[in-house]
Asker: 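Mind having a look at this structure? Questions to follow.
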Amino acid sequence: MDDPAVPASGIGDTLVDWYDTAARDLPWRRPGVDPWAVLVSEVMLQQTPVARVEPVWHAWVARWPTPADLAAASPAEVIRAWGKLGYPRRALRLRETAVALVERHGGAVPADVAALEALPGIGTYTARAVACFGHGRPQPVVDTNVRRVVARLVHGRAEAGTARAADLADVAALAPADRDRAVRFSVAAMELGALVCVARTPRCAVCPVRDRCAWRLAGSPAADGPPRRVQRFAGTDRQVRGRLLDVLRGAEGPVPASALDDAWGEAVQRGRCLDSLLADGLVEQTADGRFALPA
DNA sequence: CAACCGTGGCG
DNA sequence: TCGCCAAGGTT
């Protein structure tokens, strides 16, 4: 009856069992962490490594334990508390989300994916992550880790292509039927990509599904498409904006324009970046012409 | 859809 | 040393 060639359980169940033994003990995964704290963690984790998020997340959930608390904070406070996590517009949008939660959802975090996606800074990934990890709703959750896992495991390709709507269906097809296990599967797939099925040197020797991996069964072929281009940073507006904002974060109050000259020597680019920070609401100009974080 | 939006650690 | 990469979202 038992065919030894057929695995005892599905890939999804195997990943859940692996997760139970191999998962990291991350603070936002502990029992009792509410959906708001999960939402904060998910926004911070957008393009930012776990190690840098942890201390900032602890500070935020202690200081602003509910959406109403954050909604009452000033942009300046929020930008300062964001520190050097990067992409500081996320901090602004998180505050705007807190305001929207107070105004539209009675200060609570909705469990409905469409309602979550309507919030500023909350997209396809984060909405499902909050519904799933924050509220325990079974949802396919697709981040860069999961797309890489699916590309290899299911499609036999070395790398994931550009994100597509079909990614959600690919992941949903792997999920266990059981509701509770489906929720854990969503974290498990991400964890596999973060710890084992990593981008550069995958640790196939310790992979729980190595015997069912299409990429490995195909002989681990190299990526075929054109090499994906990495964004430059040195000398870009992103770097300049970061330097300018760093000056203002470190200042007690408003600073004169001359205080920003040291941040970046080239005046044209410096001016353009200052303008864009003003347009983004990350900086404001005082009546006397100085610059500061928005009060 | 490709470009843009920060920052820092690691191989 | 320096390019690669990290729980994306918006335009």
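The model shown is predicted, which means the values in this text are computed figures rather than measured ones. All heavy atoms count here, side chains included; hydrogens, waters and symmetry mates do not. Throughout, a chain's letter reflects where its sequence line sits, starting with A, and its residues are numbered from 1.
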Asker: Just how far, in rounded Å, is C1' of B:dG8 from CD of A:Glu54?
Answerer: 16 Å
Asker: Considering only the P atoms, how many Å lie between B:dA3 and C:dA7, rounded to the nearest integer?
Answerer: 22 Å
Asker: Whole angstroms only, please: what is the CG-P distance between A:Leu116 and C:dG9?
Answerer: 11 Å
Asker: By the definition side-chain contact (heavy atoms from CB on, under 4.5 Å), identify the one residue from A:Val78, A:Asp280, A:Leu277, A:Leu282 that meets it with A:Pro88.
Answerer: A:Leu282
Asker: Take A:Thr162 and A:Arg243, find for each the nucleotide of DNA chain B with the closest heavy atom, and name the residue whose nucleotide sits nearer the 5' end.
Answerer: A:Thr162
Asker: How long is the straight-line distance from CD of A:Gln269 back to CZ of A:Arg241, given to the nearest 0.5 Å?
Answerer: 11.5 Å
Asker: In the structure I gave you, are the side-chain heavy atoms of A:Lys84 and A:Val56 within less than 4.5 Å of one another anywhere?
Answerer: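 Side chain of A:Lys84 against side chain of A:Val56, heavy atoms only: no contact under 4.5 Å found.
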Asker: Starting at atom CG of A:Asp237, determine the distance to atom C1' of B:dC4, rounded to an integer number of angstrom.
Answerer: 9 Å
Asker: Do A:Trp82 and A:Trp60 have their ring centres less than 6.0 Å from each other?
Answerer: yes
Asker: Between atom CZ in A:Arg228 and atom C1' in B:dA2, what is the gap in whole Å?
Answerer: 14 Å
Asker: Of all the nucleotides listed (B:dC1, C:dA6, B:dA3), which has the minimum atom distance to the side chain of A:Arg164?
Answerer: B:dC1
Asker: If we ignore angles and hydrogens, is there a donor and acceptor under 3.5 Å between the side chains of A:Thr14 and A:Arg212?
Answerer: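 Present: a donor and an acceptor within the cut-off.
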Asker: Classify A:Asp280 by what it touches in the nucleic acid, base, sugar-phosphate, or nothing, heavy-atom distance under 4.0 Å.
Answerer: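 If one applies the 4.0 Å heavy-atom cut-off, A:Asp280 turns out to touch nothing in the nucleic acid.
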Asker: Once you apply a heavy-atom cut-off of 4.0 Å, does A:Arg249 come out as touching a base, just sugar-phosphate, or nothing?
Answerer: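 A:Arg249: backbone/sugar contact only, no base atoms under 4.0 Å.
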Asker: Counting only distance, no hydrogens or angles, is the base of C:dG8 paired donor-acceptor with the side chain of A:Thr144 under 3.5 Å?
Answerer: no
Asker: May I have the distance from A:Phe233 (atom CZ) to B:dT7 (atom P), rounded to whole angstrom?
Answerer: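 In whole Å, B:dT7 P and A:Phe233 CZ are 6 Å from each other.
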Asker: Would you check if A:Tyr87 and A:Gln46 make a side-chain contact, meaning some heavy-atom pair closer than 4.5 Å?
Answerer: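 Of all side-chain heavy-atom pairs linking A:Gln46 with A:Tyr87, none is under 4.5 Å.
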Asker: Looking at A:Arg148, I'd like to know whether one of its side-chain N or O atoms comes within less than 4.0 Å of OP1 or OP2 on C:dA6.
Answerer: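 Yes, such a contact exists.
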Asker: Between A:Lys84 and B:dG6, is there a side-chain N or O to OP1/OP2 distance below 4.0 Å?
Answerer: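 Answer is no, no contact under 4.0 Å.
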Asker: Regarding A:Arg128, tell me which of base, sugar-phosphate or nothing describes its non-hydrogen contacts under 4.0 Å with the strands shown.
Answerer: nothing
Asker: CZ of A:Arg147 versus P of C:dA6: gap in Å, rounded?
Answerer: 10 Å
Asker: Out of C:dA7, C:dA6, C:dC5, which nucleotide sits closest to the side chain of A:Val230?
Answerer: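 Nearest listed nucleotide: C:dC5.
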Asker: Picking from C:dG3, C:dA6, C:dG8, which would you name as closest to the side chain of A:Arg232?
Answerer: C:dG3
Asker: Tell me, which of residues 85-102 of chain A have any heavy atom that sits under 4.0 Å from an atom in DNA chain B?
Answerer: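 Result for residues 85-102 of chain A: A:Leu85, A:Gly86, A:Tyr87, A:Pro88, A:Arg89, sorted by number.
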Asker: Mind checking A:Ala199 for me? I need base, sugar-phosphate or nothing, with any heavy atom below 4.0 Å counting as a touch.
Answerer: sugar-phosphate
Asker: Can you confirm whether A:Leu85 sits close enough to A:Trp57 that some side-chain heavy atom of one is under 4.5 Å from a side-chain heavy atom of the other?
Answerer: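 Counting from C-beta outward, A:Leu85 and A:Trp57 never come under 4.5 Å.
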Asker: Looking at every strand, decide which applies to A:Trp57 at a 4.0 Å heavy-atom threshold: base, sugar-phosphate, or nothing.
Answerer: nothing
Asker: A:Thr236 side chain N/O closer than 4.0 Å to the phosphate oxygens (OP1, OP2) of B:dC5?
Answerer: no
Asker: Checking contacts here: which listed nucleotide (B:dG9, C:dA7, C:dG9) is nearest the side-chain heavy atoms of A:Arg29?
Answerer: C:dA7
Asker: If you assign A:Glu159 and A:Gln231 each to the DNA chain C nucleotide with the nearest heavy atom, which residue ends up on the more 5' nucleotide?
Answerer: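 Counting from the 5' end, the first nearest nucleotide belongs to A:Glu159.
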Asker: Among B:dC5, C:dC5, C:dG8, which nucleotide has an atom closest to any side-chain atom of A:Arg241?
Answerer: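 Per side-chain heavy atoms of A:Arg241, the pick is B:dC5.
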Asker: Which part of the nucleic acid does A:Thr201 contact within heavy-atom distance under 4.0 Å: base, sugar-phosphate only, or nothing?
Answerer: nothing
Asker: Is there a donor and acceptor pair, one atom on the side chain of A:Gln47 and one on the base of C:dC5, closer than 3.5 Å?
Answerer: no
Asker: Taking the basic N atoms (NZ, or NE/NH1/NH2) and the acidic carboxylate oxygens, is any pair closer than 4.0 Å for A:Asp261 and A:Arg270?
Answerer: yes
Asker: For A:Gln239 and B:dT7, what is the distance between atoms CD and C1' respectively, to the nearest whole Å?
Answerer: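 Rounded to the whole Å, the gap is 10 Å.
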Asker: Just to be sure I understand the rule, does A:Thr124 reach a base, reach only the sugar-phosphate, or reach nothing, if contact means heavy atoms closer than 4.0 Å?
Answerer: sugar-phosphate
Asker: List the steps, then state whether salt bridge (charged side-chain N to carboxylate O under 4.0 Å, His left out) holds for A:Arg181 with A:Asp13.
Answerer: CA-CA 7 Å; A:Arg181 291 182 71 83; A:Asp13 279 309; 2.6 Å; yes
Asker: Send over the distance from A:Met44 CE to B:dG8 C1', rounded to a whole Å.
Answerer: 17 Å
Asker: So for A:Arg52 and B:dT7, does any side-chain atom that can act as donor or acceptor lie under 3.5 Å from a complementary atom in the base?
Answerer: yes
